[in-house]
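Residue numbers count from 1 along this sequence.
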Amino acid sequence: MLDGKGRVIRNTRIVIEGSKIVAVDPRATPVDYDLGGLTVLPGWIDAHAHVTWSFGKDGKNAGAGLTTPEAAYSSAANAWVTLMAGFTTVQSVGSPTDIPLRDAIAKGLLPGPRILTAVEPLAGRGEQTGTPDEIRAFVRKQKQAGADVIKIFASQSIRQGGAMTLSQEQLNAACDEAKQQGLRSVVHAYKDAVRAATLAGCTQIEHGTMATNDDLKLMAEKGTYLDPQAGLVIENYLLNKEKYLGTPGYTEEGFAAMQKVLSLNHELVHRAANTPGLKIVFGTDAVAGAHGRNAEEFIDRVRDGGVDPMAAMISANSLGAEALGMSAQIGTIAPGLEADIIALDGDPLKDITAVRRVVFVMKGGIVHKNVAPRAAPVHRGIVH
Ligand SMILES: [Zn+2]
């Protein structure tokens, strides 16, 4: 058992009452679920997903905007395959369509990961974004709409060059207002925007491509979380190119830039992993086509980013929980925490591809998956 904080415990038993872990005790009886021979760890946390993004009826990327019955079922299916893949919590960053899905799962009406959502992100558009006061009002509006976190776009897409789209003053207003409202702020940032968001006191930086070593050092000093992506998001775009091409934001030029961005991202993850004290969390940026394959990002980080496998696991367990402000609820196998527990057929510390073989998933004390090792994944072949 990996406890989620870096400890390995062998031959133990986890005692659960209701939705909670009450003890970790090798002598506890009876044994209801024998996970002997497997690796047991806390359910993973994906800090950056787009759980409602799906392909539409025409097979093309429909983003999160559709509100048809088909789109609603696709969102529910995305949630289910994400849970089956071992992710018991995801942060969606975000869409208003997240809210009914989040709430249905929270009520126990649908199986899926616990969802946190940013509702409507603040899209940086230079001056047009608004004055600091207008930006503060936008942040308060998201809170009123039920946001768990505030998402801010401070850079263009990296496919368009990644230039800054908010001034320092605008970023300061956005992240400060989030803090005033008791919410965290996660900022889509490349290059110069990484430093600006760090200086603005934002909680977490998404992507971070082309951040300098000094930027990474500053983040470590200020305790700003970094969520870089080592591969899945771009691999998924390349795999589903025809489904994305021609939909808003996806051009041939953008696709041509992706290979280069992929190598920049590998390089960033390497540098980040070698920055002392930098808190790197696990986020996939899973969009249509990537749901249920979120764990591929672990393999990318370890294989292509030089991340230590134990650090990769912690990034999606206790450190991921800390970044969400949920250390007291999730991310660790310890008494008092939610019984979010998964088991892998294999040892990810020796072979990171074991993350593909999730054979047991419990969320809040309820078993959602319990299949024989080496059984075919129930959702194989589903590509949303
Ligand atoms: Zn994203």
Side-chain angles (χ1 to χ4, degrees), residues 2-5 16 19-21 40-53 75-76 78-95 98-99 101-119 146-151 183-184 186 203-204 206 225 227 229 232 279-286 290-298 312-334 336-344 355 358 360-369:
L2 311 183
D3 75 342
K5 288 183 151 171
I16 290 149
S19 69
K20 297 252 164 73
I21 299 165
V40 174
L41 66 162
W44 287 316
I45 299 164
D46 187 337
H48 186 146
H50 297 274
V51 68
T52 58
W53 276 42
S75 295
N78 292 345
W80 185 66
V81 296
T82 303
L83 181 66
M84 290 297 102
F87 289 81
T88 47
T89 302
V90 301
Q91 177 163 259
S92 175
V93 294
S95 163
D98 295 336
I99 293 199
L101 182 63
R102 175 192 70 181
D103 294 350
I105 292 169
K107 285 179 195 153
L109 303 176
L110 275 180
R114 191 178 285 102
I115 294 176
L116 287 79
T117 176
V119 192
D148 304 293
V149 58
I150 299 298
K151 169 76 185 289
L183 297 178
R184 295 166 297 109
V186 301
T203 314
Q204 183 167 315
E206 297 302 319
Y225 297 93
D227 175 23
Q229 284 76 42
L232 172 65
K279 297 195 271 194
I280 305 171
V281 299
F282 183 84
T284 62
D285 205 358
H291 304 299
R293 298 193 296 119
N294 312 55
E296 293 297 314
E297 174 69 17
F298 288 123
M313 292 300 101
I314 295 170
S315 73
N317 286 152
S318 60
L319 190 60
E322 182 195 302
L324 299 181
M326 295 181 76
S327 294
Q329 290 96 51
I330 57 173
T332 306
I333 296 181
L337 273 75
E338 286 291 304
D340 287 3
I341 294 166
I342 63 172
L344 312 181
V355 298
V358 174
F360 180 88
V361 176
M362 171 184 278
K363 181 189 150 217
I366 295 173
V367 176
H368 290 277
K369 182 179 191 178

message: I'd like to know if the side chain of Lys151 reaches the main chain of Gly94, judged simply by a donor and an acceptor atom lying under 3.5 Å from each other, with no hydrogens or angles considered.
response: no
- prompt: Which atom names give the shortest non-hydrogen contact between Gly331 and Leu337, and what distance separates them?
  reply: N-CD2, 4.5 Å
- prompt: With no hydrogens and no angle check, is any side-chain donor or acceptor of Asn317 less than 3.5 Å from a backbone partner on Gly43?
  reply: yes
- request: Mind telling me whether Trp44 and Phe298 have parallel, tilted or perpendicular rings, with 30° and 60° as the class edges?
  value: tilted
query: Do the non-hydrogen side-chain atoms of Ile341 and Ile21 ever get within less than 4.5 Å of each other?
result: yes
field: Where Ile105 and Ala79 come nearest, the two heavy atoms and their spacing
entry: CD1-CB, 3.8 Å
message: Taking Thr52's backbone N and O only, do any of them form a donor-acceptor pair with His291's side chain (distance below 3.5 Å, no angle check)?
response: no
field: Euclidean distance, Lys363 NZ relative to Ile330 CD1, rounded to 0.5 Å
entry: 10.5 Å
- prompt: Between the side chain of Asp340 and the main-chain N/O of Pro42, is any donor-acceptor distance below 3.5 Å?
  reply: no
field: Spatial distance of atom NE2 (His50) from atom CD (Gln91) [nearest 0.5 Å]
entry: 10.5 Å
- request: Give a yes or no on whether the backbone of Gly4 and the side-chain of Ser318 come within a donor-acceptor separation of less than 3.5 Å.
  value: yes
query: Is any side-chain heavy atom of Val358 closer than 4.5 Å to a side-chain heavy atom of Met84?
result: no
query: To the nearest 0.5 Å, how far apart are CG in Asp46 and OG1 in Thr88?
result: 10.5 Å
query: What's the spacing between Lys20 NZ and Gln329 CD if we round to 0.5 Å?
result: 8.0 Å
message: Using modelled atom types and a 3.5 Å cut-off, is there a donor and acceptor pairing between side-chain atoms of Lys279 and backbone atoms of Glu322?
response: no
query: Does the Glu206 side chain pair with the main chain of Gln204, one donor and one acceptor, at a distance under 3.5 Å?
result: no
- prompt: Is a donor on one side and an acceptor on the other found under 3.5 Å between the side chain of Asn78 and the backbone of Val51?
  reply: yes
- request: Considering non-hydrogen atoms only, spot the tightest contact between Asn294 and Leu232 and give its length.
  value: CA-CD2, 3.7 Å
- request: Report yes if some heavy atom in the side chain of Met326 is under 4.5 Å from a heavy atom in the side chain of Leu116; otherwise report no.
  value: yes
- prompt: Shortest non-hydrogen contact from Ser92 to Asp98?
  reply: OG-OD2, 2.6 Å
message: Could you tell me if the side chain of Val40 sits less than 4.5 Å from the side chain of Phe360, heavy atoms only?
response: no
field: Option among Glu296, Glu297, Met313 that satisfies the side chain to side chain contact (heavy atoms under 4.5 Å, CB included) test with Val355
entry: Met313
message: Rounded at 0.5 Å granularity, tell me how far CD1 in Ile115 sits from CG in Leu101.
response: 4.0 Å
- prompt: Side chain of Thr284, backbone of Ala286: donor and acceptor closer than 3.5 Å?
  reply: yes
query: For the residue pair Arg114 and Thr89, what are the closest heavy atoms and their distance?
result: NH1-OG1, 2.9 Å
statement: In terms of heavy-atom contacts, Ala316 and Phe282 come closest through CB-CB, 3.7 Å
message: Rounded at 0.5 Å granularity, tell me how far CG in Leu110 sits from CG in Asp103.
response: 11.0 Å
